[in-house]
Amino acid sequence: MCGIVGYAGGNDKNIVDDSDRALVVALNGLTRLEYRGYDSAGIALCTRPSNILDDDSASKSYLQVRKKAGRLKNLIDEIETHPLLPAQTSIGHTRWATHGEPTDFNAHPHISNDLRVALIHNGIIENASKLRQALEERGVHFTSVTDTEVVVHLLREELRFVEDDDNLRKKTKYPLTHAMQRVVKQLNGTFTLLAVDASFSDVIVGAKHDSPLVVGLGDGENFFGSDVVAFIEYTSNAIEIQQDQIVTLTSNDVVITDFDGNLSTGKHFTVDWDVSAATKSGYKTFMEKEIREEPKAVADTLLGRFDETTGCIKLDKVPHDVNAFEERLRTINKVIIVACGTAAYAGLVARYAIEHWCRIPVEVELAHEFRYRDPIVNSETLVVSISQSGETMDTLMAQRYASEQGAQTISICNTKGASIVREADGVLYTRAGLEVSVASTKAFVSQITAAYLLGLYLASIRGNKYTDEVLEIVDDLCEVPDKIQELVDQFESISNLAHGLRDIKSVLFLGRNIGYPVALEGALKLKELAYIHAEGFAAGELKHGPIALIDANMPVFVILPSLSRPQLHAKVISNIQEIKARGAQVFTIADAQDIQAHEHATFTIDRPIVPSLLTPLLDIVPLQIFAYALATSKGLDVDKPRNLAKSVTVE
Ligand code: M6R
């Protein structure tokens, strides 16, 4: 939610002063980060005096700001109309509006009244109204209605304070760093902040509290990003900024302190996504590319997980004392999965497998509901968080709450070094690669895969399954990528089906047992991409109410249980007959040899044969393609659906 990029360069002989690199890096970063928010975008460049062209330079501000409501394209057009001078540092922001409509004024960066300081922000300042009132009483003039603007004015005030104090001034090379330390202590809420000071055009100061921030280390240039995508094309050498740290970044230096100014460190890591991950690679949309990458996402998530010697599945991170960690996992009496949106549906799928394999109760809870209902969590609970971004604030807070209650925590996550990962006791990475499209696709199948691996890990260390049994299931999982491919190969025919239904107003999705969460996810995809009303129901629930909705105008997708579950299958076939009797068209996803499905449905998508527990990994694929094709046939932007953002870093 909100993309942030920062660039400090221009001191290196290779990066000449008159280049437009500061601008280019910021705009490229924003292009890649736009999936985090696309209501408005803005940029501030800090230019040293020698870059100011006319004689009157001494009286000019060296800060140049451009910002525009709407997509990034509007900002780029604005910069073409009003070009910018070469600069040493730049900060850029792409916004997902929280406080204040997406207008030019509310777009970031926000600027101090004397045009000396510019600031961008991701998060929410919860005490903004009180701070604003006090600032206004002190004569500060506001130009926006955002919560963020208070921070830039506070920063300007504190800068003045630091510069007026001889002792403080001597303590730091950059007064802005010291001013930032004083400001963050006045803020409640969540924030990543980046600020530049026109009087020190070579430095950017960043601060992080409950919102993501990473640093990229270049050669004679350094970068900030709300995630590594911001600088992925320039460096793979990165530092995770930890909670409550301030970073002073120049072209050749990165100084990290805590909020009190004590020197501190971040965690270095190598980015293993290459730049091609951030491009469409010839596809029209990221979403199509990402659906087509699903076989690989599952295969990569499975790769090298099984330790032939110990017979155990390997996690990516375990606490230092592995034995104590595993001992605790042996004694837990409940698993709670916390997640949001698609990740929560992956959790609902995983519940069936984990309970079946481990014989332990599994609850799945929407992360934003979890901690506010006084849940029963203690040292005998394992809380598993599932998140693609690893930055979803609701999920992070739920996991943090669970830790505070003494629970053991394990994160299933797709993003190295993300906040959720850092705070979890154990980690199992999904290896879906970078997912850019706002609608989750390959992340979903890789989350189910990883959650299954976690189930097998628990089953083996708790003695519910022998090594050969685990291995047998791993073998079945390893066959899934090829079977997903068979469904991806039906892209055309499923798209044709969707095009034929482009004028529908409402769709129902029904599933039973492990097909039920797939129905929920199928409905979510259609809602978020095609803006069509869609509902997912447990098929057995139909007769308890939803059947009243059914008529000839209500197409129904039915996910049929595998033929290996004959009782369930028969019941869902009866549901199909009930639906048809009320005039609705039925579309099914069913086992390839399911003759009854073919008999009853207007259109059937054949599911390659897999064990029943693995069917969700296949069944979701046609539903994703259907939602994608229906949305594109309506001319909608599937990669950036309205009102959404990829990474929801506010509560
Ligand atoms: O990054 P996360 O997996 O934590 O994100 C959770 C949800 O916000 C996300 O899955 C959302 O529901 C997607 N837009 C669904 O396509």
Side-chain angles (χ1 to χ4, degrees), residues 1-8 22-46 63-79 84 87 89-112 117-125 128 143-153 155 180 189-197 204-209 211-216 223-231 241 247 249 391 640 645-650:
M1 197 145 278
C2 296
I4 280 187
V5 58
Y7 172 79
L23 174 64
V24 170
V25 172
L27 289 181
N28 282 348
L30 290 183
T31 306
R32 304 217 185 290
L33 289 170
E34 208 186 0
Y35 69 108
R36 295 183 74 101
Y38 29 88
D39 291 340
S40 59
I43 186 169
L45 264 57
C46 244
L63 197 62
Q64 307 169 76
V65 176
R66 303 283 183 273
K67 50 188 196 169
K68 272 317 237 185
R71 295 286 171 95
L72 182 60
K73 170 84 177 59
N74 298 355
L75 174 68
I76 293 169
D77 291 348
E78 170 74 5
I79 294 171
L84 292 154
T89 50
S90 56
I91 55 175
H93 187 268
T94 173
R95 178 170 185 247
W96 185 85
T98 56
H99 290 52
E101 289 177 356
T103 61
D104 290 357
F105 285 121
N106 289 336
H108 300 211
H110 291 284
I111 315 154
S112 61
V117 179
L119 175 126
I120 55 179
H121 167 222
N122 176 19
I124 292 179
I125 307 299
T143 56
S144 79
V145 297
T146 63
D147 53 334
T148 303
E149 197 183 345
V150 297
V151 188
V152 77
H153 297 309
L155 202 52
M180 185 66 94
T190 59
F191 51 85
T192 298
L193 303 166
L194 292 189
V196 287
D197 171 1
I204 309 175
V205 176
K208 173 195 151 75
H209 175 74
S211 194
L213 182 63
V214 283
V215 163
F223 310 83
F224 272 122
S226 38
D227 62 56
V228 295
V229 177
F231 48 75
I241 301 308
V247 187
L249 188 94
E391 299 294 349
K640 299 188 192 89
K646 182 71 181 160
S647 178
V648 185
T649 54
V650 293

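These values consider heavy atoms only, across backbone and side chains, with no hydrogens, waters or symmetry-generated copies.
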Correct closest heavy-atom pair for Ala195 and Met180 would be CB-CE, 4.0 Å

Requested in this report: Flag the pair Ile125 / Phe191 as yes when at least one side-chain heavy-atom distance between them is below 4.5 Å, and no otherwise.
Outcome: yes

Output for pair (Ile76 CD1, Thr31 OG1), nearest 0.5 Å, gives 5.0 Å

All heavy atoms of Leu63 vs all of Ala118, minimum pair found to be CD2-CB, 3.8 Å

- prompt: Quick one: does Ser90's side chain have a donor or acceptor within less than 3.5 Å of a partner on Leu23's backbone?
  reply: no

* Asked: Are any non-hydrogen side-chain atoms of Ile79 and Leu27 less than 4.5 angstrom apart?
  -> yes

Ile43 and Pro109 have their tightest heavy-atom pair at N-CD, 3.4 Å

For residues 63-74, the salt bridge (Lys or Arg N to Asp or Glu O under 4.0 Å) pairs (sequence neighbours left out) are Lys68-Asp104, Arg71-Asp637, Lys73-Asp77

(request) Could you tell me whether the side chain of Thr190 and the main chain of Ile124 form a donor-acceptor pair under 3.5 Å? (result) yes

Here the gap from Ile91 atom CD1 to Ile120 atom CD1, rounded to the nearest 0.5 Å, amounts to 4.5 Å

Taken in chain and number order and not counting sequence neighbours, the residues that satisfy salt bridge (Lys or Arg N to Asp or Glu O under 4.0 Å) with Arg95 are none

Discussion item. Is it the case that the side chain of His93 and the backbone of Ala107 share a donor-acceptor pair, with hydrogens and angles ignored and the cut-off at 3.5 Å?
Written reply: no

Are Ile204 and Cys46 packed together at the side-chain level, in the sense that at least one heavy-atom pair is separated by less than 4.5 angstrom? no

For Ser144, the side-chain contact (heavy atoms from CB on, under 4.5 Å) test, sequence neighbours excluded, returns Asn106, His110, Thr146, Glu149

message = What I'd like to find out is whether the side chain of Val205 reaches to under 4.5 Å of the side chain of Leu155, using heavy atoms alone.
response = no

Tightest non-hydrogen contact, residues His108 and Thr148, listed as CE1-OG1, 3.2 Å

Applying side-chain contact (heavy atoms from CB on, under 4.5 Å) to Ser226 and not counting sequence neighbours gives Ile4, Leu33, Arg36

In terms of heavy-atom contacts, Ala22 and Tyr7 come closest through CA-CD2, 3.5 Å

When every non-hydrogen atom of Cys2 is compared with those of Trp96, the smallest separation belongs to SG-N, 3.5 Å

One should read off an interatomic distance between Ile111 CD1 and His153 NE2, to the nearest 0.5 angstrom, of 9.0 Å

One should read off an interatomic distance between Leu213 CG and Leu194 CG, to the nearest 0.5 angstrom, of 6.0 Å

request  = For residues Val5 and Phe224, determine if any side-chain heavy atom of one lies less than 4.5 Å from a side-chain heavy atom of the other.
outcome  = no

CG of Asn28 to CZ of Arg32, rounded to nearest 0.5 Å, is 6.0 Å

Taken in chain and number order and not counting sequence neighbours, the residues that satisfy side chain to side chain donor-acceptor pair (under 3.5 Å) with Ser112 are Asp114

Do Phe231 and Val25 have side chains that approach each other closer than 4.5 Å (heavy atoms only, starting at C-beta)? no

Across all chains, not counting sequence neighbours, the salt bridge (Lys or Arg N to Asp or Glu O under 4.0 Å) partners of Asp147 are none

**Asked** Within a strict 4.5 Å, meaning less than it, do heavy atoms of the Leu72 and Thr94 side chains meet?
**Response** no

(message) Applying side-chain contact (heavy atoms from CB on, under 4.5 Å) to Leu75 and Leu30, what does each step give before you reach the verdict?
(response) CA-CA 10 Å; Leu75 174 68; Leu30 290 183; 4.1 Å; yes

